[in-house]
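Below you'll find the structure, written out as structure tokens, and then a few comments.
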Amino acid sequence: MAKKKSVIRAKNIVIFGAMGAGKSSLINLIADQNIAQTGSNLKRCTLTWTKYTLPKLFDDEMQHNVFDTMGIENPELEPEEYHRSIKNASRLLRELDACGGTNLLIYCVQKGRDSGALRSNYQLFHEVLYRRRVPIVMVVTCLEDERIMEEWWTRNCASLGASQIVVEGHACVTTLRNEDEKYKASREVLLRQCQGDGNMRR
């Protein structure tokens, strides 16, 4: 008699944000190793994704699948580009639905980045594709120059709210390994968000 395959318990996390926001570096921070290629000089393109499997991220026998999406750099897309983006995004959703759905959205935003894609990326993923049904957290990168990284959120959360960007949780981080203490603190707060589906604010 053939042995039954063991069912793998898995949690799916989708990371999105503008091109250059640091999504790949964020995945490397979660994994604590370089599994995602960074520093891409690709031009703006329609939405695609790369899947990374982390079998033992926590001590709970839960596999974590992290999807690194290539976001829309500029909200002023040509109609053909926009429709192609939505089509590719729908393919990602179907793939995730086939393996348990999406458990958490992580919106990756780079400090000081003045991009019109900030609101449009949020709308595309959280409001249009997921219809506000999936918890979302924001992770702000490149905060190594901040004396206390969390102070960025204190200064900017009101303006985000004014832009109608509402999240269940946040993390203020650096992905630079040479920032030893800040790197460790960044990974700790980020993992808490991943483990808690955005229910932990800090």
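As a basis for the values below, the full set of heavy atoms in this structure was taken, side chains included, without hydrogen atoms, waters or symmetry mates.
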Measuring from Lys11:NZ to Ile13:CD1, what's the distance to the nearest 0.5 Å? 5.5 Å
For Leu105 and Thr102, which heavy atoms make the closest approach, and how far apart are they? CD2-CG2, 4.3 Å
Let me confirm one number: the CD-CD distance from Glu179 to Glu181, rounded to the nearest 0.5 Å. 10.5 Å
Are the side chains of Trp153 and Leu143 in touch, meaning some heavy atoms are under 4.5 Å apart? no
Exercise: do Gln63 and Asn65 side chains pair donor with acceptor under 3.5 Å: yes
Under 4.5 Å between side-chain heavy atoms, counting indirect links through other Ile/Leu/Val/Met/Phe/Trp/Tyr residues: same cluster for Ile30 and Ile35 or not? yes
Might you point out which heavy atoms bring Ala171 and Gln193 nearest each other, and give the distance in Å? CB-CG, 4.3 Å
Hydrophobic clustering (ILVMFWY, side-chain heavy atoms < 4.5 Å, transitive) - are Tyr130 and Trp49 grouped together? yes
Test side chain to side chain donor-acceptor pair (under 3.5 Å) on His170 and Glu150; report intermediate values, then the result. CA-CA 9 Å; His170 70 273; Glu150 181 66 19; 2.7 Å; yes
Only distances under 3.5 Å count here; give the side-chain donor-acceptor pairs of residues 158-166 to other protein atoms, sequence neighbours excluded, each with its distance to 0.1 Å.
{"residue": "Ser159", "atom": "OG", "partner": "Asn156", "partner atom": "O", "Å": "2.8"}
{"residue": "Ser163", "atom": "OG", "partner": "Ser159", "partner atom": "O", "Å": "3.2"}

Any side-chain heavy-atom pair from Thr174 and Thr141 closer than 4.5 angstrom? no
Donor-acceptor pair, Lys23 side chain versus Val109 backbone, under 3.5 Å? no
For residues 90-102, which residue pairs qualify under salt bridge (Lys or Arg N to Asp or Glu O under 4.0 Å), counting only residues two or more places apart or in two chains? none
Is it true that Glu146 and Arg155 make a salt bridge, defined as a side-chain N closer than 4.0 Å to a carboxylate O? yes
Compare all side-chain heavy atoms of Val14 with those of Val134 and state whether any distance is below 4.5 angstrom. no
For Tyr183 and Thr175, does a side-chain donor sit closer than 3.5 Å to a side-chain acceptor? no
Just by distance, with hydrogens left out, do Asn12 and Asn103 show a side-chain donor and acceptor under 3.5 Å apart? no
If you round to the nearest 0.5 Å, how far is CD1 of Ile15 from SG of Cys108? 7.0 Å
Would you mind reporting whether Val139 and Leu190 have side-chain heavy atoms less than 4.5 Å apart? yes
Could you check whether any side-chain heavy atom of Ser24 comes within less than 4.5 Å of a side-chain heavy atom of Gln37, counting everything from C-beta outward? no
Examine Leu191 and Leu29 and state if one hydrophobic cluster contains both, with Ile, Leu, Val, Met, Phe, Trp and Tyr joined whenever side-chain heavy atoms are less than 4.5 Å apart. yes
Taking the basic N atoms (NZ, or NE/NH1/NH2) and the acidic carboxylate oxygens, is any pair closer than 4.0 Å for Glu144 and Lys111? no
Do Val140 and Met138 come close enough that some side-chain heavy atom pair is under 4.5 Å? yes
Side chains of Asp68 and Tyr52: does their closest heavy-atom pair fall under 4.5 Å? yes
Working for ring-ring contact (aromatic ring centres under 6.0 Å, His included), residues Tyr122 and His126: CA-CA 6 Å; Tyr122 174 86; His126 186 51; 5.3 Å; yes
Can you see which heavy atom on Cys172 is nearest to which on Ser186, and at what distance? O-OG, 4.3 Å
Here the pair of heavy atoms bringing Leu104 nearest to Cys194 is CD2-CA, 3.8 Å
With a 4.5 Å cut-off on side-chain heavy atoms, are Thr50 and Phe67 touching? no
Tell me if the centroids of the rings in Tyr107 and Phe125 come within less than 6.0 Å of each other. no
Establish whether Leu176 and Val189 are linked, either directly or via other cluster members, by ILVMFWY side-chain heavy-atom contacts under 4.5 Å. no
For Leu26 and Val173 the tightest heavy-atom approach is CD1-CG2, 4.1 Å
The side chain to side chain contact (heavy atoms under 4.5 Å, CB included) partner of Ile27 among Ile106, Leu54, Val66 is Val66
Which is it for Arg177 and Asp32 under the salt bridge (Lys or Arg N to Asp or Glu O under 4.0 Å) test, yes or no, and what are the steps along the way? CA-CA 9 Å; Arg177 287 180 177 270; Asp32 200 25; 3.6 Å; yes
